[in-house]
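Worksheet: one structure, shown below.
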Amino acid sequence: MLTPQKIVLATLPLLSFSYAAWTSTPFSPPSIPLAVRTPYLSAWLGQGTGAALAGNWPTFWTGSILGWAGFAKVDGVAYNFLGASSVPGATFSTATQKSFSFTSTQSTFVLSAGPVDLTVNFLSPVEPTDLVKQSIPFSYMTVSAVSTNGASHSVQIYSDISAEWASGDDSLTVNWTTTTGDILTHQVQLVNPTIFGEASDHTQYGSAFYSTPNTVSATYQTGQDIVVRAQFINNGVLPNTRDTNFRAVSNNWPVFALSHNIGTVGTTASAPVIFSVGNIRDPALEYVVPGGTQARSLYFWSQFSTPAAVISSFLGDYSAALTRAKAFDAKVQSDASAISTEYVGIVELSIRQSLGANEITISKESNGSWNTSDVIVFLKEISSDGNVNTVDVINPAWPIYLYANPQLGKFLLEGLFRYQATGLYPNKWSVHDLGGSYPKALGHNDGADEAMPVEECGNMLIMALSYAQKSGDNSQLQRYTSLLAQWTDFLVTDSLIPANQISTDDFAGSLANQTNLAIKGIIGIKAMSQIWGILGNTAQQTNLSSIASSYVTQWQKLAASTTGPHLTLDYNDANSWGLSYNLFGDKLLGLNLFPQSVYNEQTAWYPTVSRAFGVPLDTRHTYTKSDWEIWTSTLMTNTEARDLLIHSVYLWASSGTSSQPFGDWYDTVAGAPEGFRARPVVGGHLAHLVL
Ligand SMILES: *[C@@H]1O[C@H](CO)[C@@H](O)[C@H](O)[C@H]1NC(C)=O
Ligand SMILES: *[C@@H]1O[C@H](CO)[C@@H](O)[C@H](O)[C@H]1NC(C)=O
Ligand SMILES: *[C@@H]1O[C@H](CO)[C@@H](O)[C@H](O)[C@H]1NC(C)=O
Ligand SMILES: *[C@@H]1O[C@H](CO)[C@@H](O)[C@H](O)[C@H]1NC(C)=O
Ligand SMILES: *[C@@H]1O[C@H](CO)[C@@H](O)[C@H](O)[C@H]1NC(C)=O
């Protein structure tokens, strides 16, 4: 007879197959990142069972269309390579997609357009150790052509964006300008912007930019979508004309077009035509300080004084940026392949999405100079809500910061620490977030934020110690010791027998005596013991260490099921169980606080309760969370159980059951998405890379 684990493993490969007519490497994801760098620069190509680049519109992470069109002319014949334009009175073919591949930073499509192949590459730079470059809110699209039949061909390339890149409300009026010089740039913005405003999760202020180097062969046009696209399809060139009839986004859809004549293309790939797309707003965030708020700007402003200057630098940096991206991609591939091939793909799909929720900011000194010593990183809790710097969203994503640059983690925590150190937040536990609605980090001076007391206290202590361990930088521990001690006092009171409360998995509801929440609280106490050790207070180090050890001993009796060798979901509930992912903190911090027998038992248990798409979050539902699935996989004491959990996330990501940006919450039976998409928590998929 097969064990349950073997049954699961035996049936899984049958669910994984390829749908589309092109090859996908390493697999076909639910949605392909095209330009994903900030909460507002987030362009995707939804896949489901496969959607080609030519014939489908890119969308914002919410699923609303972002007009982004591309055509090529090859020996006078027009081919669509990007978007789903319909252009009355103009004849064109659709380029045939041959392959798609992705890495941590790039999504690359090869399409055949008659006798040439087009390679369309979308590069969203990941520059975690360069705060200037990482804060530049732009991505690249490049297009190159190569002959496939040995002959030479004449090739022109065209692309445009619509004003959907400048507003979440298509009924609002926009205006625009085109500047020429070394670079052609279209700039478009709302005529009546709302500072710090959003509509349907888009920014409602600042400007969108579409640019390309102004080589001798470059031309441009602004105007109605069908007029401008017909111009290129029929003529292969744009007339360098401007439409100045400023109007609503959807009123005869104004588009902002750029074109290049590549000239004659042979069997050597042409140099790529480079486009950059993005949006800039300033100030970027509003942050609570005593007596008011502070306007904060993106870090890159410390080096550039105009959008034109930053665009010029960004375009000029393309080939160096590509070299750095390839090095980063290779490092991730090498590091993640130490676990498994499937794990590599999961990690690669997660990186742009996770870091794309962040923005790096600085403030101004009183004399107007930028203060680059004052860095705060902000994060938008994308899709579950628009909260700013949600502690229990930073926490699951934490591995990506430790892996990419621990300093980014410090700067994420800094805004939370600094706010609570003002005393404006009234509760004795850690705040849940810095503000209900991005980009307004206005705090919760009424103390009425979504209360997750044990969750957030434990998270802050664990992350603060983790950063200090990785970096050797103890400055936050020193500066915010009293907050850390206050949160520890709360955990000493409420973590062994946690009161009825929600954890980060708030959608699952509130529950008393949560076994997994108690783990987090007890690890938090032990973390503070270590923090006291770092700070030289050996009395408190010993005191808290003995409290934590005594809690573990008591917890083992409370948390063990009386009917089977596994942990419960909640005390005194013998048949319940759940993912005990908070044990990851024990491993991350190197505490060895929980006995090996707990790890061994959970390793034996999970394969017996795994469904087609993995182990459910707990016994209340059949859904699970991909971040917790991967965290739990790091706790397994054998590779079979580890790989079962990793495979379930791989299967979910590659099964074609979703067309939304990587969702962390999904059903383990049907493999169907639950409510979340595009969230930064997928940074937690890097958990194996930081142990
Ligand atoms: C666009 O509108 C803003 C005011 O809303 C104005 O300051 C700017 O000059 C306008 N730009 C153009 C090109 O008309
Ligand atoms: C502002 O003050 C800083 C020192 O705090 C100084 O380095 C900088 O040059 C000053 N900037 C201006 C514009 O005066
Ligand atoms: C720059 O920011 C740091 C960190 O917030 C602060 O301590 C310092 O006083 C600021 N410098 C100036 C000149 O405002
Ligand atoms: C040990 O730590 C707890 C929690 O911070 C505190 O309440 C208690 O007073 C401490 N005990 C000693 C002996 O310092
Ligand atoms: C929580 O568990 C403790 C210890 O078993 C028990 O005394 C208490 O009644 C439980 N609380 C609830 C609300 O079930």
Side-chain angles (χ1 to χ4, degrees), residues 34-35 43 53-60 64-73 76-95 141 143 156-180 184-193 199-200 202 204 206-212 214 218-261 273 275-279:
L34 298 179
L53 186 65
N56 296 282
W57 284 121
T59 66
F60 194 53
S64 67
I65 289 173
L66 284 174
W68 198 1
F71 290 90
K73 287 201 85 168
V77 179
Y79 296 87
N80 176 32
F81 71 82
L82 168 64
S85 307
S86 108
V87 189
T91 305
F92 62 88
S93 307
T94 299
M141 177 178 77
V143 185
Q156 295 81 42
I157 301 292
Y158 164 101
S159 181
D160 70 53
I161 63 166
S162 73
E164 287 158 304
W165 292 73
S167 170
D169 181 345
D170 293 346
S171 72
L172 299 180
T173 301
V174 287
N175 68 18
W176 54 83
T177 50
T178 302
T179 49
T180 59
L184 292 178
T185 291
H186 296 299
Q187 173 177 353
V188 53
Q189 57 273 315
L190 287 166
V191 167
N192 296 119
S200 301
H202 290 254
Q204 289 302 95
S207 305
F209 297 87
Y210 202 39
S211 308
T212 197
N214 190 10
T219 55
Y220 68 88
Q221 186 177 7
T222 55
Q224 185 180 1
D225 57 347
I226 55 176
V227 172
V228 175
R229 291 169 192 161
Q231 160 68 34
F232 176 80
I233 291 165
N234 291 327
N235 305 294
V237 66
L238 298 174
N240 296 340
T241 56
R242 297 166 162 93
D243 178 344
T244 53
N245 173 25
F246 301 138
R247 55 191 186 269
V249 173
S250 61
N251 179 358
N252 290 329
W253 300 96
V255 299
F256 310 94
L258 302 164
S259 166
H260 282 270
N261 183 5
V273 169
F275 301 91
S276 72
V277 67
N279 48 47

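Source: prediction; values computed, not measured.
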side-chain contact (heavy atoms from CB on, under 4.5 Å) partners of [X], counting only residues at least two apart:
X    : value
A166 : V188, A208
V77  : Y79
T241 : Q221, P239

Practice prompt. Using the test salt bridge (Lys or Arg N to Asp or Glu O under 4.0 Å), find all partners of R242 that sit at least two apart in sequence or belong to another chain.
Written response: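 In terms of salt bridge (Lys or Arg N to Asp or Glu O under 4.0 Å), with neighbours along the sequence ignored, R242 is linked to no residue.
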Atom pairs and distances, donor-acceptor, side-chain atoms in residues 248-255, under 3.5 Å, two or more places apart:
{"residue": "S250", "atom": "OG", "partner": "D170", "partner atom": "O", "Å": "3.1"}
{"residue": "N252", "atom": "OD1", "partner": "Q224", "partner atom": "NE2", "Å": "3.4"}

Taking only residues two or more places apart in sequence or in another chain, which ones pass side chain to side chain donor-acceptor pair (under 3.5 Å) with [X]?
X    : result
N214 : none
E164 : S162
T178 : H186
S167 : Q204

Discussion item. Test of understanding: with ring-ring contact (aromatic ring centres under 6.0 Å, His included), list the residues that count as partners of W57, not counting sequence neighbours.
Written reply: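 W57 satisfies ring-ring contact (aromatic ring centres under 6.0 Å, His included) with no other residue.
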Discussion item. Among residues at least two apart in sequence or on other chains, which ones pass ring-ring contact (aromatic ring centres under 6.0 Å, His included) with Y220?
Written reply: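 By the ring-ring contact (aromatic ring centres under 6.0 Å, His included) rule, Y220 matches no residue at all.
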Worksheet item: Which pairs count as ring pair (Phe, Tyr, Trp, His ring centres under 6.0 Å) when at least one residue sits in residues 221-245, sequence neighbours excluded?
Response: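 Of all non-adjacent pairs touching residues 221-245, those that pass ring pair (Phe, Tyr, Trp, His ring centres under 6.0 Å) are Y158-F232.
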